Protein chains: 2
Amino acid sequence: MTVPPPQQAIDFCATMTDEQDEFAREMLERVSARWPLRTLQILQAAGGPLRFSRVLERVGGISQKVLTQTLRMLERDGLITRTLYPQVPPRVEYELTPLGYELLLQTVPLWHWIIEHLPAFTAARHEAAKR
Amino acid sequence: MTVPPPQQAIDFCATMTDEQDEFAREMLERVSARWPLRTLQILQAAGGPLRFSRVLERVGGISQKVLTQTLRMLERDGLITRTLYPQVPPRVEYELTPLGYELLLQTVPLWHWIIEHLPAFTAARHEAAKR
DNA sequence: CCGAATCCAATTGGATACTG
DNA sequence: CAGTATCCAATTGGATTCGG
């Protein structure tokens, strides 16, 4: 694997104010909960606006209630937009914002790393199970 | 900010098997839950083994029960080691593994990005609150 | 000291029914 | 169609007590 970057890269965490630290961890927690990242990914893959029903289908396994909550949260944080077309029946479209896209990109290295190390995790668990 | 990297970087998600995808997301979820990352960070900052009580103090706000669960999980995944010294009273030390350190490093860019964009999130929420 | 066990409060999530 | 509202089951987390 690669040589670990300097300690400094992590130590900067200590330079944050408590307020920053709390808010940052709140965002990290939020974004990496069960559905938000997947939802963003679906919207990214769509390459354009997606109706509520389509998102519901593609995310898969999520309930309608939780999807609504997730979308509201992502909208609130400026990661997606919500557009209501006042028709009957109503149409609502969700779309990734540049901010949301950027965030998604930042998660890619971690994602890559995890996938690369899946065997290591499996091995660790197997090892742990023996004891 | 920077120009977005090619689409390809994200699209590789689609190339995974369902099994890989599920396991990878499980790991991502796990590692980015409320305490695991912070616990790893504490152990990293310590620069060496840390007793249970010390971790409990430094993480701050976590209960003994949840810390135990967290540490067990991290150990199971090979991210930390747990060493029991059979004394009276017993001493148990936890230490970051190279794997744990590597994972921690992978999260740094995302962490950085979130902190940089804290104002953007605040602005988005403020904007959302007006409506 | 480390942590397992127990009990309990609070939060979360699914299913269902209903509305603009 | 896109939610909101309601109810309920399951999970989570804290506090406390006990044990090796």
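Keep in mind that what you see is a predicted model, and the values were worked out from it rather than measured. To find a chain, count down the sequence lines: A is the first, B the second, and so on, and within it residues start at 1.
Residue contacts shown for B/Arg34 are absent, as no nucleic acid heavy atom lies under 4.0 Å away. Using a 4.0 Å heavy-atom distance criterion, A/Arg54 is classed as making no nucleic acid contact. B/Arg82 comes within 4.0 angstrom of the backbone, heavy atoms only, and of no base.
In this structure, the separation between CZ on A/Phe121 and CD1 on A/Ile114 is 6.0 Å, given to the nearest 0.5 Å. Interatomic distance, B/Thr70 OG1 to B/Lys65 NZ, rounded to the nearest 0.5 Å: 11.5 Å. From A/Leu37, atom CG reaches atom CD of A/Gln44 across 11.5 Å, with rounding to the nearest 0.5 Å. Atom CG of A/Leu50 sits about 9.0 Å away from atom CD of A/Glu57, to the nearest 0.5 Å.
A donor and an acceptor atom sit less than 3.5 Å apart, one in the side chain of A/Gln64 and one in the base of D/dG3.
Between the A/Thr97 side chain and the A/Leu79 main chain, a donor and an acceptor come within less than 3.5 Å of each other.
Put simply, CE on A/Met73 is 18 Å from C1' on D/dG3, counting in whole angstrom units. For the pair B/Glu29 CD and C/dT12 C1', the computed distance is 13 Å after rounding to whole Å. As a whole-Å value, the separation of A/Leu67 CG from D/dG3 C1' is 11 Å. Following rounding to the nearest Å, B/Gln69 (CD) and D/dA15 (C1') show an atom-to-atom distance of 14 Å. A straight line from CG of A/Leu50 to P of D/dC1 spans 14 Å, rounded to a whole angstrom. Spacing between atom CZ of B/Phe52 and atom C1' of C/dG3 amounts to 7 Å, rounded to whole angstrom units. With rounding to whole Å, B/Glu57 atom CD is found 12 Å from C/dC1 atom C1'.
A salt bridge links B/Glu26 to A/Arg125: at least one charged side-chain nitrogen sits closer than 4.0 Å to a carboxylate oxygen.
Comparing A/Lys65 and A/Glu93, the nucleotide of DNA chain D nearest to each residue sits closer to the 5' end for A/Glu93.
Within a heavy-atom distance below 4.0 Å of DNA chain D, the residues of residues 83-92 of chain A found are A/Pro89, A/Pro90, A/Val92.
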Determine, step by step, whether A/Leu56 and A/Val59 satisfy the side chain to side chain contact (heavy atoms under 4.5 Å, CB included) criterion, reporting the C-alpha distance in whole Å, the side-chain angles of both residues, the deciding distance to 0.1 Å, and the verdict.
-> CA-CA 6 Å; A/Leu56 188 62; A/Val59 171; over 6 Å; no
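One finds a side-chain N or O of B/Tyr94 lying less than 4.0 angstrom from the OP1 or OP2 phosphate oxygen of C/dG3.
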